[in-house]
Amino acid sequence: MQTKFIFVTGGVMSGLGKGVATSSIAKLLQLADQKVSCVKIDPYLNYDAGTMNPVAHGEVFVTEDGGECDMDIGNYERFLNQNIPKSHNITTAQVYSSVIEAERKGEYLGACVQIIPHVTDEIKNRIKKIAEDEKLDFLTVECGGTVGDIESLPFLEALRQLKVEEGPQGVLFVHVTLAPSLDVVGEQKTKPTQHSVQELRRIGIQPDFLAVRCTLPLEEKTKKKIAMFTNVTPNDVLSCHDAKSIFEVPQMLYDQGIMDSIFTKFGKVGMVNASANWDKWNEITQSMANHEDNKLKIAMVGKYVTLTDSYVSVNHALKHAGAKIGRSVDIDWIDSESILDYNILSKYDGILVPGGFGTRGSEGIINTANFAREKNIPYLGICFGFQLAAIAFGRNVMNLKDANSTEIKANTKNPIIDLLPEQKEISDMGGSLRLGANEIKIKENTNAHKIYSASSINKRHRHRYEMNKKYIPEFEKNGMIFSAESDEGKRMEILEIPSHKFYLGVQFHPEFNSRPGYPEESFAAFVKAASE
Ligand code: GLN
């Protein structure tokens, strides 16, 4: 079968949950036994998300194949329980780079190179290549930004052309909008949706579905009014009201008949009966929702705490792990720069230090790692949290007062954490860290081995610095063990303190592998220890 495309566009304003709508539709198709995947278009000029500040744009999500992607890719992976390659995050910079490169090679044979057709062709080819290479039944493509943005115009134009080329039964458009009410019981307003659809139609796109964000379920009369102004049937105006969890949105859309409508529009008679898949999914969503009375308190101490989305995969991974043992995880995000008295951390069941970069806030993290060790509070350190836990141990247990990372203090006498040797010649900031999944070997008779029940695992990385092997014998003599390594023993991957209740540092990013119903093992072990 030819791949069918579903294009998701955004209206009114950002932050309405286009990513959730996209993931939910893809999930429904997957639950109906279809082979699906998702693509995110980011119309910005960065080549990828790697150089963007997480506090402004949210977490940089790292794929198996080493892409530094928009955090929506993480949403897709979690909803679909499936890896998404980096080619699925398309940006303006990537498209223009390819076009300019082709022009320099003379591949356009003297033509004047233009946005239409050259840029739009490049966009369409990228989308079609993914569909063909992966032999997909359905591909949902989310276009970032809001209709009316200058940046996204070439992408929307390419999607419009694809509909013409693939025919009406090859492409559907879903437009995500907002129906605000000025107070809780107030009338649901349709004007923003009307204007937004007008803007979309002005550039030649008629939506097939509207996914309307609202606080309370969209009323029938509101659906009818929106339908009248937008040429979308009332049935296909879908209420996306507030839910307890984003994982309830597939069911919400399903209950409004979206699947029958999608299958009918694509020219199929009916949908596949796949109730077994639904049972598993419902079990997972229910396990994620129901433990409000059984809370666990975790302190997440880091640098990018003003926007919780900067650690979105870590937040999710904690919740997956909690759901597995019937606990809700309450996370307090604490700025490592502002802790004056570390005793505030005593009230938590566990302390987690996520990834980070640079000097600011690092002393607070080192003290936090030390506090967790001294007070026997379960500790999970990820990447920066691994590195700074080693430094805390060096300073406080081994008495190396100037122990540090050369990232924080370049000329420190005891560079416990140092630049990866192959990084020494690199000056570019984009795409140049150690990125993506690598094999890690775990030593037997260690906590790490118990946690993973395996001698070899594959985990995603994103770092430039690493544990300096020279210090390891001294560490191990003092009770901190390095229990896993990679690249033939060149790099340390896991540290632990066997005498501690739970003290684990990982150089990799376990959060990117955690999925609802399938928590990543180190998170599961950490949350379990915290709950005891
Ligand atoms: N800044 C550290 C490094 O580059 C840690 C990176 C991270 O936490 N992702 O190695």
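First listed ligand is number 1; within each ligand, the first listed atom is number 1. Quick caveat, the model's predicted, so the values are computed rather than measured.
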Next on the checklist: Starting from atom 10 (O) of ligand 1, what is the nearest protein heavy atom, named by residue and atom, and what distance separates them?
Outcome noted: Tyr465 N, 2.8 Å
Next on the checklist: Give me the residue, atom name and distance of the protein heavy atom closest to atom 8 (O) of ligand 1.
Outcome noted: Gly356 N, 2.9 Å
Checklist entry - Are the ring centres of Phe393 and Phe475 closer than 6.0 Å? => result yes
Next on the checklist: Salt bridge check, Glu520 against Lys459: does any charged N sit closer than 4.0 Å to a carboxylate O?
Outcome noted: yes
Checklist entry - Where is the nearest protein heavy atom to atom 4 (O) of ligand 1: which residue, which atom, and how far? => result Arg464 N, 3.0 Å
Item to check | Contact with ligand 1 for Arg434, non-hydrogen, under 4.0 angstrom | outcome: no
Next on the checklist: If only side-chain N and O atoms count, and only distance matters, is there a donor-acceptor pair under 3.5 Å linking Thr368 with Arg373?
Outcome noted: no
Checklist outcome for this item: Of all protein heavy atoms, the one nearest atom 1 (N) of ligand 1 is Glu407 OE1, 2.7 Å
Next on the checklist: Using only atom types and a distance under 3.5 Å, with no angle test, would you say the side chain of Tyr379 pairs donor to acceptor with the backbone of Gly385?
Outcome noted: yes
Checklist entry - When only distance counts, is Gly358 in polar contact with ligand 1, meaning an N/O pair under 3.5 Å? => result no
Checklist outcome for this item: Which of Asn75, Asp70, Asn89, Thr140 passes side-chain hydrogen bond (donor to acceptor under 3.5 Å, both in side chains) with Lys40? Answer is Asp70
Next on the checklist: For the residue pair Ser405 / Gln387, report whether a side-chain donor-acceptor contact shorter than 3.5 Å exists.
Outcome noted: no
Checklist entry - Looking at His509, which atoms of ligand 1 are within less than 4.0 Å of one of its heavy atoms? => result 9 (N)
Checklist entry - Which residue and non-hydrogen atom of the protein lie closest to atom 9 (N) of ligand 1, and at what distance in Å? => result Arg462 O, 2.9 Å
Item to check | Pair Phe79 + Phe247: ring centers closer than 6.0 Å | outcome: yes
Checklist entry - What part of Glu466, side chain from CB on, backbone N/CA/C/O, both or neither, has a heavy atom under 4.0 Å from ligand 1? => result neither
Checklist outcome for this item: The option among Cys383, Gly381, Gly385 carrying the non-hydrogen atom nearest to atom 7 (C) of ligand 1 is Cys383
Item to check | Which of the ligand 1 atoms, numbered from 1, are nearer than 4.0 Å to a heavy atom of Gly355 | outcome: 8 (O)
Item to check | Check against side chain to side chain contact (heavy atoms under 4.5 Å, CB included), Lys303 and Glu337 | outcome: CA-CA 7 Å; Lys303 309 180 53 164; Glu337 241 185 337; over 6 Å; no
